[in-house]
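Report on the structure given below.
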4 protein chains.
Amino acid sequence: MPKLGMGPVRRRQLVDATITSIHEFGLADATVTRIAKKAGVSPGIVHHYFADKDELLFESMRLMLKNLRSQAVARLTKAHTPHERISAIIDASFAPEQFSPKVTTAWLALYASAPQSKNLTRILTLYHHRLRSNLIYNLKQISPSANHVQLAEAISALIDGLYLRGALNPSLYKTTSPKTIVSDFVQSALTKGGQYV
Amino acid sequence: MPKLGMGPVRRRQLVDATITSIHEFGLADATVTRIAKKAGVSPGIVHHYFADKDELLFESMRLMLKNLRSQAVARLTKAHTPHERISAIIDASFAPEQFSPKVTTAWLALYASAPQSKNLTRILTLYHHRLRSNLIYNLKQISPSANHVQLAEAISALIDGLYLRGALNPSLYKTTSPKTIVSDFVQSALTKGGQYV
Amino acid sequence: MPKLGMGPVRRRQLVDATITSIHEFGLADATVTRIAKKAGVSPGIVHHYFADKDELLFESMRLMLKNLRSQAVARLTKAHTPHERISAIIDASFAPEQFSPKVTTAWLALYASAPQSKNLTRILTLYHHRLRSNLIYNLKQISPSANHVQLAEAISALIDGLYLRGALNPSLYKTTSPKTIVSDFVQSALTKGGQYV
Amino acid sequence: MPKLGMGPVRRRQLVDATITSIHEFGLADATVTRIAKKAGVSPGIVHHYFADKDELLFESMRLMLKNLRSQAVARLTKAHTPHERISAIIDASFAPEQFSPKVTTAWLALYASAPQSKNLTRILTLYHHRLRSNLIYNLKQISPSANHVQLAEAISALIDGLYLRGALNPSLYKTTSPKTIVSDFVQSALTKGGQYV
DNA sequence: AATGAATGAGCCTTCATTCAT
DNA sequence: TATGAATGAAGGCTCATTCAT
C-alpha cells in the first residue's frame with residue numbers, strides 16, 4: 001500500500017506554496033517548478049494533483065475566497081443586529097490572516113488575470129454576488145429608504161480598493177486602519193444627511 | 001535619408017498597441033510580437049525604441065497615469081470652489097477615455113504586477129501622492145475639522161476599487177454611475193453627522 | 001499468503017493490453033500507465049513483471065509472432081502435399097485472429113520501431129528465416145527449377161505488404177481477400193510460363 | 001533587411017534533417033532539438049517554419065511521396081507502351097534515391113504512425129489511389145481480361161512489403177534486386193496461365 | 001503481490017532579445 | 001529606420017521508473 005490520503009494534504013501544500021510564490025516572485029515568475037520547490041516536492045507531482053497550472057491558480061483563488069467567507073460566517077454567527085452583521089462582514093475582510101501582504105498580493109494578481117479566465121471570473125462574480133446580497137439584506141433593515149444597491153456596491157468597491165492599495169504598499173495601513181475607513185464610511189452614509197439615507 | 005521624428009510617433013503607436021493588447025490577450029499573452037503586429041511594425045523594431053519589454057510596459061502605465069492627470073488638470077482650471085475641484089478630480093477618473101474596459105483592464109494588469117517592478121511602484125506611488133495632496137488640500141478648505149488624511153485615502157481607494165471591479169465586469173456600471181458613487185460618498189462624509197466632519 | 005502463479009497470467013494480461021493500447025492510441029501514446037489501466041492493474045506492477053517497457057513491447061511482438069507460428073503449425077499438420085503446405089503457411093498469416101486491425105496495427109508499429117531495437121530486429125529476422133526456409137523447402141518440391149530464394153522473398157514481402165496496407169486501411173480487404181491475392185500470386189509464379197518456373 | 005527567402009531553404013533543410021534523424025535515432029527519438037541540431041540550426045527556429053512537430057513530420061512524408069511521384073513522372077514521359085509504363089512506375093519506387101535505408105526507414109516509421117494522424121492517412125491514401133489508377137489504366141491495355149483491381153493491389157502491396165523488409169534489413173536486397181522481384185511477378189501474372197490473365 | 005505517490009529527466013513550445021541585411 | 005530570421009533559455013507538461021507502505 002502506498003501512502004494514502006496524500007491528496008488533500010498535497011493539494012493544500014501546493015495551493016499555499018502558490019500563494020506564497022505569487023507574493024514572492026509575482027504571478028509571471030511563479031513557475032510550477034518554483035512553486036513545487038517551495039512546497040518541498042518535485043515539479044512532476046504538481047500535475048498528479050492538478051490537471052494543469054490554471055487549475056492550481058484557480059484553486060488558490062478559491063481558497064482565498066473560501067477563507068474570506070469562513071471568516072465572515074464565523075463572525076456573523078456572533079452578530080445579533082443588522083449593524084453588527086455589517087461590521088462582521090467588513091471585519092472579516094480585514095482579518096489579519098486575509099489582509100496580509102502575502103494574501104493581498106496574490107489576490108490582486110489573480111484578480112487581474114481573471115478577465116482571461118472564465119473560471120476565475122465565475123468564482124469572483126459569485127463571491128461578489130454573495131457579498132452584495134448579504135450587505136443589501138442587512139442595509140435594508142437598518143435604513144429602508146437608502147439606495148441599498150448603490151451603497152452595497154460602494155462598500156464592496158471600497159474594500160477591494162483597500163486591498164488593491166494594500167498590495168502595492170504593505171505599510172500603508174499600519175497607521176490608518178482600513179477597517180475604520182470602511183466603518184466610518186458606512187456610518188456616514190447611514191447618518192441623517194448622508195446621501196444614502 | 002531617414003524619416004525624421006519617427007521616434008515619438010512609433011513610441012506612441014507601440015504604447016497604444018500595448019494597452020490594447022493587454023486588454024485583448026491579457027498581460028501574460030501580450031507578447032512583443034503580438035504588440036508589434038497590432039502596431040503594424042516588426043517585432044525587432046520594438047527594441048529600437050524601448051530598451052526592453054519592461055520599459056514598454058512602464059511607459060504604457062505612465063501614459064495612462066498621464067492621461068488621467070491631463071483630464072484632471074483640464075477640469076481643475078475650470079473649477080473655482082473647493083467642492084468643484086474635488087468633483088473635477090473625481091470626474092477626471094471616470095472620463096470615458098479613462099474608464100473604458102480597454103484602459104481599466106490594462107491599468108489593473110499593470111497595477112497587479114507593480115509589486116515586482118520598482119519603476120511601476122514608483123510612478124504609482126507618485127501618482128497616489130499627488131492625488132492625495134490635491135484631495136487633502138481641497139478637503140481642508142471645505143471642512144477644517146475633518147480627518148483629511150483618512151478621507152483622502154478613502155476616496156482614492158474607492159476610485160481604485162471601482163476601476164478594479166469595472167475591469168472584471170465591464171457592464172457593471174452601465175446602470176449605476178461610478179462617478180455618482182464617489183460623489184455621494186464625499187457628500188455623506190462631509191455632511192453634518194458624517195464621521196469625517 | 002500470496003496468490004500463486006500470478007506471473008504468467010499478469011504477463012499475458014499486460015501483453016494483451018499493450019497490443020490493444022498500441023492499436024487504440026498508437027505506439028507513442030501507449031504509455032505504461034495507459035497499458036496498466038487497460039489491464040486493470042496499477043502502473044507500478046508493470047515493472048514487477050517486466051524489466052522495463054522495452055521488454056513489454058518485445059514480449060508483445062514475440063506473442064504476435066508466436067501466434068502466427070502456432071497458426072501455421074496447426075495447419076501444417078493437416079497438410080499432406082507441398083501445395084497444401086504452402087497454402088497452410090499463407091492461410092496462417094491471414095487467420096482472423098492475426099489479420100485483424102488490432103494486431104496488424106500493433107505489428108506494424110513494432111515492426112517500424114525494430115530498426116532501433118536489437119531484440120526486435122533479432123526475433124523478426126528469426127521469424128523471417130523460418131518462414132523463408134519453410135517456403136523454400138516446399139517450393140523446391142513443387143518446382144525444382146524455380147528461383148526459390150526470390151520466390152520465397154516475394155511471397156514474404158507480399159504478405160508483409162498486405163499487413164502494412166491493412167493496418168492503414170482496415171476496410172481495404174473487405175472485398176478482396178488478401179489470402180486470394182497471395183494464392184493467385186503463387187499460382188501464377190509456378191504456372192508454366194511464369195518467371196519463377 | 002533580414003535574410004530574405006530563407007523559408008523554402010530552411011524548410012527543406014529541416015525536412016531533410018527529419019528524415020535523416022528518423023533513420024538514425026528512430027521516430028521516438030527524433031526530437032525537435034535533435035533534428036534542429038542535425039540541420040545546423042537552433043531548436044527555436046523550427047517553429048518559425050512549421051506550426052508544430054506534426055507538421056514537420058507530415059511535410060517529411062509529403063516530400064518522400066512527392067519524390068516518389070517525381071521519379072515516376074520523369075520515367076513515364078519516356079515510356080511509350082503500357083508495359084514500359086508499368087515498368088516505369090515500378091522502377092521509380094526502387095530508384096536509389098528512394099529505396100535507400102535512410103528513406104525506407106523514415107517512410108516505414110511515418111507509415112506506422114499514420115493510423116494516429118488524419119493528415120498522414122490522407123496523403124498516403126491519396127498516393128495509393130493515384131498509384132492504383134495508374135496501374136489499372138495500363139494493365140487494362142495489356143490484358144483486357146485480367147482482374148485489374150486485384151493485380152494492382154498485389155503489385156502495390158508487394159512494393160510496400162519490399163520497402164518494409166528493406167527498412168529492417170538494409171542489406172537484404174544487395175543480391176536480389178527488389179525491382180526484379182516485382183517485374184517478374186508482373187510478368188508471371190500476365191503470362192498465359194497466370195491467374196491474372 | 002500490489003498500490004499509487006513521487007521523482008526527475010526530457011520533450012515540445014514560446015518568447016524576449018539580438019543581428020545580418 | 002526597419003525587417004524578420006535566428007538564438008537560447010525557460011516553461012508547462014509527460015512519462016518511465018522507483019519506492020514506501
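When reading the values below, keep in mind they use all heavy atoms of this one structure, side chains included, and skip hydrogens, waters and symmetry mates.
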From CG of D:D52 across to P of E:dT14 the rounded distance in Å is 8 Å
Taken to the nearest whole Å, NZ/B:K53 to C1'/E:dC15 is 8 Å
(Q) Taking the basic N atoms (NZ, or NE/NH1/NH2) and the acidic carboxylate oxygens, is any pair closer than 4.0 Å for C:E24 and C:K38? (A) yes
Is it the case that the side chain of B:R11 and the backbone of B:Y49 share a donor-acceptor pair, with hydrogens and angles ignored and the cut-off at 3.5 Å? yes
Contacts of A:T31 and D:P43 projected onto DNA chain F by closest heavy atom; the upstream (5') one is D:P43
When rounded to whole Å, the CE to P distance for the pair D:M6 and E:dC19 reads 18 Å
To the nearest 0.5 Å, atom OH of B:Y111 lies from atom CG of B:L65 at 9.5 Å
In Watson-Crick or G-U wobble terms, with both distances under 3.5 Å, the base opposite E:dT18 is F:dA5
Atom CZ of D:R11 and atom C1' of F:dA5 are separated, to the nearest Å, by 15 Å
Taking E:dC12, E:dA2, F:dG11 as options, the one with an atom nearest any side-chain atom of C:I45 is E:dA2
Using a cut-off of 4.0 Å on non-hydrogen atoms, how would the nucleic acid contact of D:Y49 be classed: base, sugar-phosphate, or nothing?
-> sugar-phosphate
Exercise. For E:dA2, does OP1 or OP2 lie under 4.0 Å from any side-chain N or O of C:H48?
Worked result: no
A:F50 CZ to F:dC13 P, in whole Å, measures 12 Å
Has A:S117 got a side-chain atom pairing as donor or acceptor with A:A114's backbone, closer than 3.5 angstrom? no
Scanning both residues in full, the closest heavy-atom pair of C:S113 with C:L120 reads OG-CD1, 3.6 Å
To the nearest angstrom, the CG-P distance between C:D29 and F:dA16 comes to 10 Å
* To do: Return no unless some side-chain N or O of D:H47 is found under 4.0 Å from OP1 or OP2 of E:dT14.
  => no
Here the distance between atom P of E:dA16 and atom CZ of B:F58, to the nearest Å, is 19 Å
If you look at every strand shown and take non-hydrogen atoms under 4.0 Å, does A:V41 touch a base, only sugar-phosphate, or nothing? sugar-phosphate
| said: Under 4.0 Å from OP1 or OP2 of F:dA6: is there any side-chain N or O of D:R10 that close? | reply: yes
Ranking D:S42 and C:G44 by the position along DNA chain F of their nearest nucleotide, the one closer to 5' is D:S42
